[in-house]
Amino acid sequence: MKKYLAVIKTEWQRQMTYRINQFTFRIGNVFDILMQIIVWTAIFQSTSSVKGYNYREIMTYIIIGWLLTFLMTNFGFESIISRHVQKGELSNFLSKPIDYVNYLIFLSIGRSSFSLSVAFLMNMMLLLIFRKNFIFSADIFMWFILVTMVLAGYFVKLFLSILVGFISFWTVDNEGMFYSIKTLERFLGGVYFPLNILPAIFLKISLVLPFVYTFYFPAQLYLGKISVLQGLLGLGTEIAWLAVLYFAMRIVWKLGIRKFESVGI
Amino acid sequence: MIKRYSAIMKNEIQRQFTYRANIVAYAVGNIAELVALTVIWTIVYRSIDSVHGYTSNEMIGYVIFAWFFSFLTTTYAFEHNIARDIHLGTLSNLLLKPQSYIRYVAAVGTARISVAFCIVLIQGAIVFSFFKGSLIFSSEVSTILLLLTMLVITYFINLFLSILIGFIAFWATEIDGIYQSLKVFSKFMSGTFFPIVLLPAFLVKASYFLPFIYTIYIPVQLYLGKISFAEGLRGLAIEILWLVVLYGIIKVVWRFGLKKYESVGI
């Protein structure tokens, strides 16, 4: 355990070195959020409700959704794995007395905890600016499920990223695939719009997939559009996915390492 | 001179064909972005007739053409290639050759998008045939010619911006954050996702002083017939002006950057 804590610590130091880079990333994020706020504000100037959402609800959906996303993001972790595999850096890790998959998990925790605090602060500022249109909730049970969901969501996303990163064992140029997978994840997660504005069948399908539990589902839960009981059910599905993804990751790792040729060393 | 740079372009096109699966993989994400936008607007227009003067068909037309134009003119993160040349010291090799680095990267960047460009054309044709009922197609030759000229300039503005951001690598070791933020900002201010008039009035005014609006919003408006031919010509003139300004900045930054360059990594 101690050696993995050292991984977190060194990663923090590395992140501190590139603190300006961290900050510039967050500026882009603010524009991402503003883009959605502006579009929906323009829409609600000529109507008072879209598919059962009023203005305050949609604003809360966007702000809380993004806040939760930042808490769960791993900032393109698949590219790091891709680099390890393609430059042969992986060989270094293989010769050390650590488990590479565990190493990745701790590296990511160290890597995102720093960015996370910056992102969290920026989102709080946004929340403060839009507080008039933000619905606050004080339901303890809801908060409990929400927090557990965010925690599980972080690892669901991380395991997905690691799995996607492992594709590098078999292919060389991956950016196109990474980009497409990310966009699809966002789409199916309800980042662009609440999924229930689509025909019901889409929501039913996406409830079986893991992506919805990283944006749409927790945001709906927060808005009270999903009951606490349904929330628990969602949490169960999310945790089941977590287990499935963990085993998938272990299996793919085993297959990938057989394919690994240590090119680039 | 032409021959030399055409050889560079030929090499790069061959390289692109090597990674053809990667290029095709981009297409899935491209489409998802467009589907998200069309879904939102289709749903919204069920409960209202017009948003800021845009009818349903106009809005769908707007997002589809803006999507199409922006993917035709993107440089696909070319700044990373330039940053890599600088960080890994590859730049030293290129400096030794009897060529201008800026012309060299312009040639590589242009050849680099050629395969992706053709795929976007095919994708566009599919999308257009899917939405043909609600799209407005313009067939006026003068408008199309003006539009094509604008898009060519748009590409070069994007390319020059990529080169400039790449040059930041002379001074900084991490450019990802700046790259990412500028990309989102330029999409925001160019009207790639929605007509710029949806923005608060002061931002709309500010946008006319930046190059981005002339790269997507004005061409789309011209094509949709929302602005006159004369206004389109004026837009083109300002776009060209920006191109010249950016070129000048590149030359200056290049000179400063090269003084700072330490050939690390070689």
Side-chain angles (χ1 to χ4, degrees), chain A residues 15 17-36 38-51 53 75-76 79 115 167 171-188 190-199 202, chain B residues 15-16 18-37 39-52 54 76-77 80 116 168 172-189 192-200 203:
Chain A
Q15 292 294 327
T17 320
Y18 300 113
R19 53 196 179 276
I20 294 179
N21 191 48
Q22 282 293 336
F23 192 70
T24 45
F25 258 116
R26 301 290 82 75
I27 295 172
N29 290 149
V30 170
F31 278 102
D32 259 332
I33 304 169
L34 277 183
M35 198 131 56
Q36 288 190 321
I38 283 167
V39 170
W40 286 108
T41 307
I43 290 168
F44 274 98
Q45 268 163 13
S46 23
T47 182
S48 59
S49 118
V50 173
K51 280 263 174 178
Y53 285 88
F75 305 99
S79 313
S115 324
I167 297 175
T171 59
V172 181
D173 237 3
N174 295 321
E175 287 115 35
M177 205 182 340
F178 290 173
Y179 159 75
S180 283
I181 292 174
K182 208 181 94 184
T183 313
L184 279 181
E185 272 182 27
R186 279 184 162 200
F187 187 89
L188 294 169
V191 177
Y192 297 117
F193 52 81
L195 285 172
N196 57 351
I197 71 173
L198 286 174
F202 284 97
Chain B
R15 213 191 76 86
Q16 289 300 314
T18 319
Y19 301 113
R20 54 198 176 276
N22 183 49
I23 297 168
V24 176
Y26 269 106
V28 183
N30 289 359
I31 287 284
E33 276 189 25
L34 181 66
V35 171
L37 287 170
V39 165
I40 295 178
W41 290 116
T42 310
I43 301 291
V44 164
Y45 276 103
R46 281 204 194 135
S47 29
I48 37 178
D49 299 326
S50 107
V51 175
H52 276 277
Y54 281 81
Y76 293 96
H80 289 297
I168 296 175
T173 35
E174 287 265 8
I175 64 153
D176 280 2
I178 300 170
Y179 157 71
Q180 193 64 35
S181 288
L182 196 92
K183 207 179 85 177
V184 179
F185 181 73
S186 73
K187 284 201 167 180
F188 185 83
M189 292 302 270
T192 305
F193 293 130
F194 54 83
I196 203 98
V197 286
L198 261 56
L199 292 176
L203 278 179

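Convention: sequence-line order gives letters A, B, ...; per-chain numbering from 1. Values reported hereafter were calculated over all heavy atoms of this structure, with side chains retained and with hydrogens, waters and symmetry mates removed.
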Is [X] in contact with chain A via its backbone, its side chain, both, or neither, using a 4.5 Å heavy-atom distance?
{"X": "B:Phe188", "answer": "both"}
{"X": "B:Leu37", "answer": "neither"}
{"X": "B:Asp49", "answer": "neither"}
{"X": "B:Thr18", "answer": "neither"}
{"X": "B:Leu199", "answer": "both"}

For this session: Could you tell me whether the side chains of A:Glu175 and B:Tyr19 share a donor-acceptor contact shorter than 3.5 Å?
Result: no
Seminar exercise, completed: Most heavy-atom pairs under 4.5 Å with chain B, out of A:Thr171, A:Val50, A:Thr47, A:Val172, belong to A:Thr47
Exercise. For A:Asn174, is it the side chain, the backbone, both or neither that has a heavy atom under 4.5 Å from a heavy atom of chain B?
Worked result: backbone
Problem set entry | Toward chain B, the part of A:Ile181 with a non-hydrogen atom under 4.5 Å | neither
Problem set entry | Residue pair B:Tyr54, B:Tyr45: steps toward the side-chain contact (heavy atoms from CB on, under 4.5 Å) verdict | CA-CA 10 Å; B:Tyr54 281 81; B:Tyr45 276 103; 3.7 Å; yes
Exercise. Got a sec, which residues hit side chain to side chain contact (heavy atoms under 4.5 Å, CB included) with A:Ser49, two or more places apart in sequence or on another chain?
Worked result: none
For this session: Not counting sequence neighbours, which residues clear side chain to side chain contact (heavy atoms under 4.5 Å, CB included) with B:Val35? List them please.
Result: A:Phe187, B:Ile31, B:Val39
Exercise. Could you walk me through whether A:Phe25 and A:Phe75 pass the ring pair (Phe, Tyr, Trp, His ring centres under 6.0 Å) check?
Worked result: CA-CA 10 Å; A:Phe25 258 116; A:Phe75 305 99; 7.3 Å; no
Problem set entry | Atom CG of B:Leu203: over 12 foreign heavy atoms under 6.0 Å | yes
